[in-house]
Q: 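Handing you this structure, nothing more for now.
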Amino acid sequence: MHPIRKKRLITIAIILFVLSSALGLVLYALQQNINLFYSPTQIALGEAPQNTTIRAGGMVVKGSVKRDANTLDVVFSVTDFKHSLQIQYQGILPDLFREGQGIVAQGKMLSNGVFSASQVLAKHDEKYMPPEVSEALEKAQNDSTPTSSSVNDY
């Protein structure tokens, strides 16, 4: 093989190796940062993965917010009007967080069935609701049969 051709072949091989390595690292990083949304019903049915960062949300159940007086620990429940999910969070909640409003929390499911949130997001005005939460609520209401509790109880 001619030395110039050999040098070109080695250069092309190195470039292909570097590009494929960079593409592999980018795809690996993107895979680690994907946070899928799960409703309380999906979590109750066991569809949500354990020890993986996910997003969960719904309406904050009235009377469920319990704050620790000495720390920033907060425990509350969210519902999609079919199932409820207990969420624990350590930190300052958003100003717009309140009972009866839609929220989305990002965190991990613990083995005891509690969702440990690392971030809590609240809606920003009275008309807005996160798309995932509104779709989950609509689906749960369409799938559920009428019960004695009304939607306004939440």
Side-chain angles (χ1 to χ4, degrees), residues 15-154:
I15 290 171
L16 286 175
F17 175 76
V18 169
L19 287 176
S20 61
S21 298
L23 180 63
L25 290 173
V26 167
L27 291 175
Y28 179 74
L30 288 176
Q31 180 183 14
Q32 297 297 322
N33 290 327
I34 293 176
N35 298 322
L36 300 175
F37 178 84
Y38 292 92
S39 68
T41 298
Q42 291 174 312
I43 293 171
L45 296 175
E47 296 177 15
Q50 298 288 324
N51 296 320
T52 301
T53 302
I54 61 171
R55 291 185 300 153
M59 302 297 282
V60 178
V61 177
K62 288 185 180 177
S64 70
V65 179
K66 295 176 182 42
R67 301 173 191 264
D68 188 330
N70 299 324
T71 65
L72 294 176
D73 293 342
V74 180
V75 177
F76 58 93
S77 295
V78 295
T79 184
D80 60 0
F81 304 115
K82 193 170 184 182
H83 289 91
S84 291
L85 172 67
Q86 187 176 18
I87 297 177
Q88 66 182 24
Y89 177 68
Q90 183 176 12
I92 298 172
L93 290 168
D95 291 338
L96 298 174
F97 178 91
R98 58 185 173 269
E99 296 173 351
Q101 298 293 322
I103 63 107
V104 174
Q106 182 173 324
K108 296 182 179 184
M109 280 302 299
L110 302 177
S111 58
N112 61 359
V114 175
F115 187 82
S116 177
S118 58
Q119 183 178 24
V120 175
L121 306 171
K123 69 181 195 170
H124 68 282
D125 70 17
E126 292 183 13
K127 295 180 180 140
Y128 175 78
M129 182 171 298
E132 299 95 344
V133 174
S134 63
E135 289 171 11
L137 292 175
E138 287 175 17
K139 184 175 187 238
Q141 285 180 342
N142 291 339
D143 292 346
S144 66
T145 57
T147 60
S148 61
S149 66
S150 75
V151 171
N152 294 329
D153 292 341
Y154 295 100

Q: For the residue pair Met59 and Phe81, what are the closest heavy atoms and their distance?
A: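 Scanning both residues, the minimum pair turns out to be CG-CZ, 3.7 Å.
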Q: How long is the straight-line distance from NE2 of His83 back to CD1 of Ile43, given to the nearest 0.5 Å?
A: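 These two atoms lie 11.5 Å from each other.
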Q: So how far is it from Leu16 CG to Ser21 OG, rounded to the nearest 0.5 Å?
A: 10.5 Å
Q: Is any side-chain heavy atom of Gln106 closer than 4.5 Å to one of Thr53?
A: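 Yes, their side chains come closer than 4.5 Å.
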Q: Could you check whether any side-chain heavy atom of Phe97 comes within less than 4.5 Å of a side-chain heavy atom of Val65, counting everything from C-beta outward?
A: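 Yes, their side chains come closer than 4.5 Å.
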Q: Using a 3.5 Å distance criterion without hydrogens, assess whether the side chain of Ser64 forms a donor-acceptor pair with backbone atoms of Val61.
A: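 Pair found, side chain donor or acceptor close to backbone of Val61.
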Q: When rounded to the nearest 0.5 angstrom, what distance separates CG in Asp73 from CD in Gln90?
A: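 So the gap between those two atoms works out to 4.5 Å.
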Q: To the closest 0.5 Å, what do you measure between OH (Tyr38) and CG (Leu36)?
A: 4.5 Å
Q: If only atom types and distance count, is the side chain of Gln86 paired as donor or acceptor with the main-chain N or O of Val114 below 3.5 Å?
A: no
Q: CG of Asp95: more than 12 outside heavy atoms within 6.0 angstrom?
A: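 Incorrect, the count does not exceed 12.
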Q: Can you establish whether the number of heavy atoms outside Ile92 located under 6.0 Å from its atom CD1 is more than 12?
A: no
Q: Would the distance check show the side chain of Ser116 and the main-chain N or O of Gln88 forming a donor-acceptor pair, the cut-off being under 3.5 Å?
A: no
Q: Is any side-chain heavy atom of Pro94 less than 4.5 Å from a side-chain heavy atom of Leu121?
A: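 No, side chains not in contact.
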Q: Please determine whether side-chain contact (heavy atoms from CB on, under 4.5 Å) holds for the pair Phe76 and Ile103, giving the CA-CA distance in whole Å, both sets of side-chain angles, and the decisive distance to 0.1 Å.
A: CA-CA 11 Å; Phe76 58 93; Ile103 63 107; 3.9 Å; yes
Q: Does some side-chain heavy atom of Val78 sit less than 4.5 Å from a side-chain heavy atom of Phe115?
A: no
Q: Side-chain contact, heavy-atom cut-off 4.5 Å: Gln101 with Leu96?
A: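 A side-chain contact is absent here, since even the closest heavy-atom pair is not under 4.5 Å.
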Q: Is it true that a side-chain atom of Asp80 and a backbone atom of Thr41 form a donor plus acceptor pair closer than 3.5 Å?
A: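 Checking the backbone N and O of Thr41 against the side chain of Asp80, a donor-acceptor pair under 3.5 Å is found.
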Q: Which heavy atom of Met109 sits nearest to which heavy atom of Gln50, and what is that distance?
A: O-OE1, 3.4 Å
Q: Gly57 and Pro40: which non-hydrogen atoms are nearest, and at how many Å?
A: O-CD, 3.2 Å
